[in-house]
Amino acid sequence: MEKLDCYGSGPQARFGHTVTFISKTKVVLFGGATGDTGRYQITGDTYSFDLVARFWKKIEAGGSVPSPRAAHSSVGVESN
């Protein structure tokens, strides 16, 4: 296994999150839980990751946003 250097402000370790392709070179990570089993916090944070530049960016959304969640699912739908 090869370890890659990544840049930007990446998310902390978590489980129960989703990672969804939104283009051929970008994914979005949403939600999940952080912490130890039995002592964890459900998150609603969102990050994008550029696969080419290997750059993480936290997305600060406004308005009506999804509630924090873990063990959920997501899918990218192409829009024309």
Side-chain angles (χ1 to χ4, degrees):
M1 180 182 286
E2 180 181 352
K3 183 175 180 177
L4 297 176
D5 289 328
C6 296
Y7 309 97
S9 180
Q12 66 187 110
R14 64 191 59 218
F15 58 95
H17 58 282
T18 55
V19 176
T20 307
F21 275 93
I22 59 168
S23 75
K24 290 183 179 182
T25 62
K26 190 175 280 188
V27 297
V28 169
L29 178 148
F30 174 71
T34 60
D36 295 327
T37 302
R39 291 181 40 166
Y40 55 87
Q41 178 73 32
I42 304 296
T43 68
D45 51 3
T46 306
Y47 291 83
S48 66
F49 183 68
D50 184 308
L51 299 166
V52 175
R54 300 190 312 246
F55 187 83
W56 284 104
K57 179 180 179 184
K58 184 168 185 174
I59 298 172
E60 299 290 348
S64 180
V65 298
S67 60
R69 61 193 69 194
H72 57 282
S73 61
S74 68
V75 64
V77 178
E78 184 177 344
S79 117
N80 292 323

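We number each residue from 1, following the sequence as shown.
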Decide yes or no for Gln12 and Thr43: does some side-chain heavy atom of the first lie under 4.5 Å from some side-chain heavy atom of the second? no

Indicate the atoms forming the closest heavy-atom contact of Pro68 with Ile42, along with that distance. C-CG2, 3.6 Å

Would you indicate whether Phe15, at its atom CZ, is surrounded by more than 12 heavy atoms from other residues, nucleotides or ligands within a distance under 6.0 Å? yes

Looking at every heavy atom in both Thr20 and Val75, which two are closest together, and how far apart are they? CG2-C, 3.7 Å

Roughly how far, to the nearest 0.5 Å, is CG of Asp45 from NE2 of His17? 11.0 Å

Is there a side-chain contact between Ser74 and Phe30, using heavy atoms and a 4.5 Å cut-off? no

Please tabulate, for side-chain N and O atoms in residues 48-63, each donor-acceptor pair with protein atoms closer than 3.5 Å (sequence neighbours left out).
from	atom 1	to	atom 2	distance (Å)
Asp50	OD1	Val52	N	2.8
Asp50	OD1	Ala53	N	2.8
Arg54	NE	Asp5	O	2.8

For Thr34 versus Ala13, what's the shortest heavy-atom pair and its separation? CG2-O, 3.5 Å

Transitive ILVMFWY side-chain link Phe21 to Tyr47, under 4.5 Å: yes

Work out which heavy atom in Ala33 is nearest to a heavy atom in Ala70; give both atom names and the distance. N-CB, 4.1 Å

Closest non-hydrogen atom pair between Arg14 and Pro11, with its separation: NH2-CB, 3.6 Å

